[in-house]
Amino acid sequence: MITFLLRRLLLSTLLLFIISLISFFIMTLTPGSPYPWGEMNPKVSPELKAVFRKKFHLDRPLPLQYCSMLDDLFRGKLCSISDDLPVLRKIFDRLPATLSLNITAMLLFLSFGTLLGVYSARHLGDWKDMLASLLAFLFIALPSFWIAYLLILLLVDHLGIPILGTESYGIDFPNLLAAWLDKIWHLMFPALILALTPLAIESRYLRASMLEELKEAYILTARARGLSESTIFYHHALKNSLRPLITNIGMLLPALMGGTVIIESIFAYPGMGQLGYQAVLERDYPMLLTLNFIVATLVLLGNFIADLLYALIDPRVRLD
Amino acid sequence: MTTLLRRAWKFFSRYPMMAFSLSTISSLIVIAALTTLLSHYGIDWPRNPNETHLNERLLSPNWNHWLGTDHLGRDVFSRMLHGTTISITVGLTAMAVSLVIGVTVGTIAGYYGGKIDQLLMRSVDALLCFPTFFLMLTTVALLGPSLRNIIVVLGFLGWTATSRLLRAEILTLREKPYFHAARVLGERRWKLIFLHLLPNTAGLILVTAILGVPEAILAEAGLSFLGFGVQPPQATWGNIIADGKTYFLDAWWLIFFPGLAILITSLSFYLLGNSFLVILEKNLAANNYRR
Amino acid sequence: MTSATSLSLSKEPLLQVVDLQLAFSTNQGVSPAVLGISFSLNKGSTLALVGESGSGKSVTALSMTRLLPSPPLLYQGGHVFFQGVDLLSLSEKKLRKYRWRRIAYVFQEASRSLNPLYSIRSQLAETLKLHRPDLPTSDREILPWLDMVGIARPQECLQSYPHQLSGGMQQRVMIAMALCAQPDLLIADEPTTALDVTIQAQILTLLQRLQKELGMTLLFITHNLAIVSSLAHHVAVMHQGRLVEYGATEKVLRNPEHPYTRALLACIPRLDRKLKRLPTIGNVGKQH
């Protein structure tokens, strides 16, 4: 167990290193000015430029630039270009909102994705499976911003139901519970739209791995042993199909995080996605680098939890 | 000829989703080609996509403007026809780029194994940790949004899943007796790869290729929506929506129709890919049962 | 089933297969697998169904309790009478009462026949609970069966997962799992093919011993004619979906009537004859 943890830690550090390297080079090697203002802007004095270059270590050679940027990042000194506030503080301000959105979306896609996938696999080959599959492909093919706008058009504009932002404005809630329910209500819609694609992908993964498991010899044995089809399905095949599924879910997390950029801006949800979009618009390199770094850390954490689950389910996997 | 038609009919009635998706995709390609060709000869049907009529702003769908007009009085239907070309081009070329990279990396990693495999796969793992869409957005924004840059970025950032799939497939094929036999017989390396391994992954590659198209189309639409797609005045489905989002409470058609086009196009590609997958699996199953 | 009745072969057949016809539906159409075979099996006796791969012997075995999904398997005709009941016309629900309780199986690859995620104890308990609801599913009920199939440390084995056992052990567990339901008929579908030669001999001896001790009725499916003589009372040779030879083991092995059987027999290497090269079956079978 300890060797497993150590190895994972080492591997994650290595991955984070590669990740920071990739994002650093994407940012420095792309053409264009590193300044938030144009290269030729006459209003910016050479002195100001020099101060700026010093602050963000742009006067040093590339490898050193990278090192001092990382150094600043870990010491919490790295500042956003746009407003000179520490990057980490800005991100941690937004972290709770983003985490609650993403975790809600994750719970939604895990539960509904499993339901849809199981339903599909249970009725393999008949029209119910066909319908479930069609639904899954519809969810994957839906542009998230489109369905978000249609939802807002219908709910907000036609029915007058508030779903934008994190809470309803101008309402005094009688108690804390009502205020919380209101928050959850506002969380639900962006989370649901965010969850649609991963939900559908998960259901397809589950269906495919069920298909594989149902061909296995132990299923034939289970049937020969006189077990009912539902026992064979849920007790034997489903548990085995969760193994490949868990690894694939790890790959869905980054897509989920990426999707927040669009959804948060449509629903006016103040999370990291909006922060990222703002940073892209302002070419805020320190912010972009740190955001990528933090998201990657979260994804690695998610993968780590997935691996633990994996070992919990499968006796053949040992954590060492 | 009639037997061919009859066989085609029999085939498509067995795979209705394939019939639907193939007909949609082929009509989209025809639309894209015709629009490009006609505008090349200066014929704008039904209208010029960039012609502004400030007295016809934000008209809802009517006989003159089938899908309405936008805030500059441009005909949405014409703009959508021209957007078809962009979406199809981006989808196909970005897919091709990522397919080539993914297949190459996956094959090299799977065939050589060892340190090369470790290096390549760890890099892929690292890339997979990035929030994909956000990374695409960042890169396109930094490079400057243009058709070429979008294709390059979508292609260069979209190959990771393909490489993993292909590596896994190559690893399984490498353990098959036929491959050992070929190796023992002293086949050359390029023959091993190009004659014994890759042809056996053809089905997988085909399906990945088809499924890669809608992924690129959706990503391009998302980038356009955020203002980092192909730049106006060139019409694309994504930037019709991006232009229209300010007015969407008054002009639903600016959002609805382009989005529907994106939905139907990507759905068709997904269904086509899935149909091929089903046929592939059926053949495999049939071969297994014949024992 | 007591050992008193075991050796005397009763008159009424336990299993009677009449003109069984099976086929697979494929993309290219219907491909026949079994073309009308008939045989019967008396209580307490052993029948060996011999044939090369693709001859239809495994499909025949699996179709006894309709284990293969239909489609792709098509039951095109014939009957499988078990104690006078036609299993092919039973409803799925009624058929389940026959599976394992009456007709149990031992399959080729024990490593894949056991669910990798559950311990031996839980899989044995699951079986016992389903087929012997009158008995408690305690270790005390399970252990004797493991003992009977010659597992040295049954308590230890109970706690293990399938991947922790060797191939021979896994097959013994499978046999114990079959025995614990106390079935009337045991169908062994190439139970030794995936095992090492020495382990093969052990498993064969075990089956032989159990058959004698418990008076089990055994349908033994194999492609290996050499192991038939010591094990089976009757032999049925299958070739390309047909029975080409059927009779008492002694008779078939001494005086094979069909050229295919003769070719099969000629392929068995023997210590008392010098041969430069083992004969192959060649085209003998393609006559029909």
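Since this is a predicted model, take the numbers as computed values, not measurements. So that the names make sense, note that chain A is the first sequence line, chain B the second, and so on, each numbered from 1.
In this structure, the separation between OG1 on A/Thr221 and CG on C/Asn115 is 9.5 Å, given to the nearest 0.5 Å. Between atom OH of residue C/Tyr161 and atom CG of residue A/Asp314 there is a gap of 9.5 Å, rounded to the nearest 0.5 Å. Atom OH of A/Tyr218 and atom OH of C/Tyr118 lie 9.0 Å apart (nearest 0.5 Å).
Contact tally against chain A (heavy-atom pairs below 4.5 Å) for C/Arg96, C/Glu92, C/Arg66: the top residue is C/Arg96. The choice from C/Tyr98, C/Tyr105, C/Phe107 that makes the most heavy-atom pairs within less than 4.5 Å of chain A is C/Phe107.
With contacts defined as side-chain heavy-atom distances shorter than 4.5 Å, the pair A/Leu220/C/Leu62 qualifies. Two residues are said to be in side-chain contact when any heavy atoms from C-beta on lie closer than 4.5 Å; A/Asn240 and C/Pro116 meet this criterion.
Within the structure, the side-chain hydrogen bond (donor to acceptor under 3.5 Å, both in side chains) test picks out the following pairs touching residues 187-211 of chain A (sequence neighbours left out): A/Thr114-A/Glu202, A/Asp129-A/Arg207, A/Ser133-A/Arg204, A/Arg204-B/Asn274. Residue pairs that meet the side-chain hydrogen bond (donor to acceptor under 3.5 Å, both in side chains) test with at least one member in residues 163-172 of chain C, sequence neighbours left out, are C/Arg172-C/Gln202.
Of all residues in residues 222-230 of chain A, those placing a non-hydrogen atom less than 4.5 angstrom from a non-hydrogen atom of chain C are A/Arg223, A/Ala224, A/Arg225, A/Gly226, A/Leu227, A/Ser228, A/Glu229.
Residues passing the side-chain contact (heavy atoms from CB on, under 4.5 Å) test with C/Ser58, sequence neighbours excluded: C/Asp189.
Neither the backbone nor the side chain of C/Thr65 comes within contact range of chain A, judged by heavy atoms closer than 4.5 Å. Proximity to chain C (any heavy atom under 4.5 Å) is shown, for A/Ile313, by both the backbone and the side chain. If you measure heavy-atom distances from C/Leu117 to chain A, the contacts under 4.5 Å come from both the backbone and the side chain.
Other residues, nucleotides and ligands contribute over 12 non-hydrogen atoms within 6.0 Å of the CZ atom of A/Phe233.
Using modelled atom types and a 3.5 Å distance limit, the side chains of C/Gln123 and A/His236 yield no donor-acceptor pair.
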